[in-house]
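Down below is the structure, laid out as structure tokens.
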Amino acid sequence: MTAAGELEFVNHHILEYTGRTLEELKQWGTSDTVHPEDLPHVIQVSTQSIASGTPYEMVHRLRRSDGVYHWFQNNSFPLRDTSGHIVGWCALLTGIDERKRAEDALAASERESRLIVDTIPGFVWTMSAAGDVESVNQQMLEYFGKPLEELHDWSSFLHPDDRFRVVATWTRTIETAQPYEIEHRL
């Protein structure tokens, strides 16, 4: 791109991918080359970066020649002359469609798992191997009336008469890596 951010040159891969000419691609901001949902963000980030002279990195979708949009990571940086003045911009577009789809599938799976855990009619929590609370279900949050950050000292929620016995059992569990079952009051 020019120092002002106007498209000046693209390689043959982009021309083949989009099925467009360089002249058509120069109008990317008013065409459907960038996905309509992503376009405002792409314009904002690139405009701010060009105005400030700072590199940028963003993820957005580009329209393939068959009309299907795929995800790309866009890394752009200024090209400077020996005196430090910006003489142009270089952008590298890397296809990340498979990674993005895998991330989206994982996020959906995590949301589904969270929904299952939150609908279990009992307390569910996970702890690290060191005994730190990592997550709790909605029932625990409601029962204690505290955010997760305040539930990390789980032994403080044990009944005083049960605390020593439960902590000792948990400590043995950590040392032996064996499951445990214990009744106690909260």
Heavy atoms only: give me the nearest Ala3-Trp89 pair and the separation to one decimal.
-> O-NE1, 3.4 Å
Which donor-acceptor pairs under 3.5 Å do side chains of residues 122-131 form with protein atoms, sequence neighbours excluded?
{"residue": "Thr126", "atom": "OG1", "partner": "Ser135", "partner atom": "N", "Å": "3.3"}
{"residue": "Thr126", "atom": "OG1", "partner": "Ser135", "partner atom": "OG", "Å": "2.7"}
{"residue": "Ser128", "atom": "OG", "partner": "Ala130", "partner atom": "N", "Å": "3.3"}
{"residue": "Ser128", "atom": "OG", "partner": "Gly131", "partner atom": "N", "Å": "3.4"}
{"residue": "Ser128", "atom": "OG", "partner": "Asp132", "partner atom": "N", "Å": "3.1"}

Trace of the side-chain contact (heavy atoms from CB on, under 4.5 Å) decision for Leu93 with Leu62 = CA-CA 10 Å; Leu93 298 172; Leu62 290 178; 3.7 Å; yes
Out of Lys100, His60, Glu57, which residue meets the side-chain hydrogen bond (donor to acceptor under 3.5 Å, both in side chains) rule with Gln73?
-> Glu57
Atom pair CD (Glu6) and CD1 (Ile50), whose distance is rounded to the nearest 0.5 Å = 9.0 Å
Scanning both residues in full, the closest heavy-atom pair of Ser46 with Tyr56 reads CB-OH, 3.8 Å
Residues Arg20, Asp32; criterion salt bridge (Lys or Arg N to Asp or Glu O under 4.0 Å); working and verdict | CA-CA 11 Å; Arg20 303 210 171 151; Asp32 61 354; 2.5 Å; yes
Distance-only polar pair, side chains of Arg63 and Thr18, donor-acceptor under 3.5 Å = no
What distance do Leu106 atom CG and Ser113 atom OG have between them, rounded to the nearest 0.5 Å?
-> 9.0 Å
Atom OG1 in Thr54, atom CD1 in Ile86: separation rounded to 0.5 Å?
-> 8.5 Å
Do Tyr180 and Thr173 meet the criterion of a side-chain donor-acceptor pair at a distance under 3.5 Å?
-> no
Would you say Leu92 and Val59 are hydrophobically clustered, going by side-chain heavy atoms of ILVMFWY under 4.5 Å?
-> no
Rounded to the nearest 0.5 angstrom, the NE2-CZ distance for His184 and Phe157 is 13.0 Å
Nearest heavy-atom neighbours spanning Arg80 and Pro78 | NH2-CG, 3.8 Å
Check for a donor-acceptor pair, side chain of Ser109 on one end and backbone N or O of Ala105 on the other, with a separation under 3.5 Å.
-> no
Spell out, yes or no, whether Tyr69 and Phe72 are grouped together once hydrophobic residues are joined by side-chain heavy atoms under 4.5 Å, including indirect joins.
-> no
Between Asp97 and Trp71, the two heavy atoms sitting closest are OD1-N, 2.9 Å
Can you tell me how far CD of Gln44 sits from CG of Leu39, rounded to the nearest 0.5 angstrom?
-> 11.5 Å
Between Ile96 and Arg99, is a side-chain contact (heavy atoms from CB on, under 4.5 Å) present by the stated rule, with each step listed?
-> CA-CA 5 Å; Ile96 59 165; Arg99 183 189 88 194; 3.3 Å; yes
Atom pair CD/CD of Glu98 and Glu103 - distance to nearest 0.5 Å | 12.0 Å
Do Met140 and Ile116 share a hydrophobic cluster (ILVMFWY, side-chain heavy atoms under 4.5 Å, transitive)?
-> no
With side-chain contact (heavy atoms from CB on, under 4.5 Å) as the test, would you mind laying out the steps for His70 and Arg64 before giving the verdict?
-> CA-CA 7 Å; His70 288 273; Arg64 194 170 58 191; 3.0 Å; yes
Out of curiosity, does Val136 fall in the hydrophobic cluster containing Ile182 (side-chain heavy atoms, cut-off under 4.5 Å, transitive links)?
-> yes
Min side-chain heavy-atom separation Leu25-Thr21 under 4.5 Å = no
In short, Gly29 meets Ile43 closest at the heavy-atom pair O-CD1, 4.1 Å
Indicate if Val34 and Leu22 have the same hydrophobic cluster label, given that clusters are the connected sets of ILVMFWY residues with side-chain heavy-atom separations under 4.5 angstrom.
-> yes
Taking all non-hydrogen atoms of both residues into account, name the closest pair between Val45 and Met58 and its distance.
-> CG1-CE, 3.8 Å
Identify whether the distance between the nearest side-chain nitrogen and carboxylate oxygen of Arg114 and Glu110 falls below 4.0 Å.
-> no
Whether over 12 other heavy atoms sit under 6.0 Å from Glu134 CD | yes
Carefully, step by step, assess Asp162 and Arg165 under the rule salt bridge (Lys or Arg N to Asp or Glu O under 4.0 Å).
-> CA-CA 6 Å; Asp162 298 338; Arg165 180 175 52 84; 3.3 Å; yes
Decide side-chain contact (heavy atoms from CB on, under 4.5 Å) for Val166 and Trp154; before the verdict, give the C-alpha distance in whole Å, the side-chain angles of both, and the deciding distance to 0.1 Å.
-> CA-CA 11 Å; Val166 173; Trp154 59 272; 3.9 Å; yes
Answer yes when Lys26 and Glu23 have at least one side-chain N-carboxylate O distance shorter than 4.0 Å, and no when they do not.
-> yes
Any donor-acceptor pair under 3.5 Å linking the side chain of Arg163 with the backbone of Leu158?
-> yes
Check: residues 144-153 side-chain donor-acceptor pairs under 3.5 Å, at least two apart:
{"residue": "His152", "atom": "ND1", "partner": "Val133", "partner atom": "O", "Å": "2.9"}
{"residue": "Asp153", "atom": "OD1", "partner": "Ser155", "partner atom": "OG", "Å": "3.2"}

